[in-house]
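Step one of this worksheet: look at the structure below.
Counting from 1, the numbers follow the sequence of the chain as shown.
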Amino acid sequence: MPKSTDTYPNFDYKAGELNKYIATAQMITIMLKNGEIIHYFPEDTANFLQWLCDHGIKDIK
């Protein structure tokens with residue numbers, strides 16, 4: 001996946017809407033910039049975490 005892609009497959013939010021996250025086993029808890037908290041269960045956790053990193057989303061662990 002190109003680093004410039006602002007969207008991730010089967011994920012309803014663009015990178016620009018995300019503030020920070022914390023990952024557990026297979027669930028990613030994400031705080032959006034609007035303050036909303038969401039939970040996401042990616043099919044490929046490592047790839048999704050790399051996408052977050054590529055877009056500068058802060059890991060709060």
Side-chain angles (χ1 to χ4, degrees):
M1 172 178 313
K3 289 185 180 184
S4 61
T5 302
D6 193 38
T7 58
Y8 189 83
N10 301 314
F11 185 62
D12 295 335
Y13 302 89
K14 293 182 178 184
E17 297 177 80
L18 312 179
N19 186 19
K20 52 190 167 185
Y21 74 94
I22 190 165
T24 59
Q26 285 118 9
M27 181 179 75
I28 315 293
T29 300
I30 303 167
M31 176 183 267
L32 304 178
K33 289 184 177 176
N34 69 7
E36 182 181 350
I37 303 291
I38 61 167
H39 303 286
Y40 183 59
F41 299 85
E43 289 184 27
D44 184 340
T45 302
N47 192 42
F48 184 71
L49 291 173
Q50 184 61 54
W51 179 81
L52 292 171
C53 181
D54 290 347
H55 288 87
I57 309 305
K58 183 179 177 184
D59 181 355
I60 61 169
K61 68 177 177 181

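Classification of the Phe48-Tyr40 ring pair by plane angle, with boundaries at 30° and 60°, yields tilted.
The minimum heavy-atom distance between Thr7 and Thr5, with the atom names listed, is O-CG2, 2.9 Å. Nearest heavy-atom pair, Ile28 versus Ala23, reported as atom, atom and distance to 0.1 Å: CD1-CB, 3.6 Å.
Distance check, rounded to the nearest 0.5 Å: CD1 of Ile60 to CE of Met31 gives 7.5 Å. The CD atom of Gln50 sits 13.0 Å away from the OG1 atom of Thr45 when rounded to the nearest 0.5 Å. For the atom pair CG of Leu49 and CG of Asp54, the computed distance is 11.0 Å after rounding to the nearest 0.5 Å. Put simply, CG on Leu52 and CG on Asp59 are 8.5 Å apart, with the number rounded to the nearest 0.5 Å. The line from CD1 of Ile57 to CG of Leu18 is 4.5 Å long, rounded to the nearest 0.5 Å.
Both Tyr8 and Leu32 are members of a single hydrophobic cluster when ILVMFWY side chains are connected at heavy-atom separations under 4.5 Å.
Asp44 is linked by a salt bridge (Lys or Arg N to Asp or Glu O under 4.0 Å) to nothing, counting only residues two or more places apart in sequence or in another chain.
Residue pairs meeting the side chain to side chain donor-acceptor pair (under 3.5 Å) criterion with at least one partner in residues 12-39, sequence neighbours excluded, are Thr29-His39.
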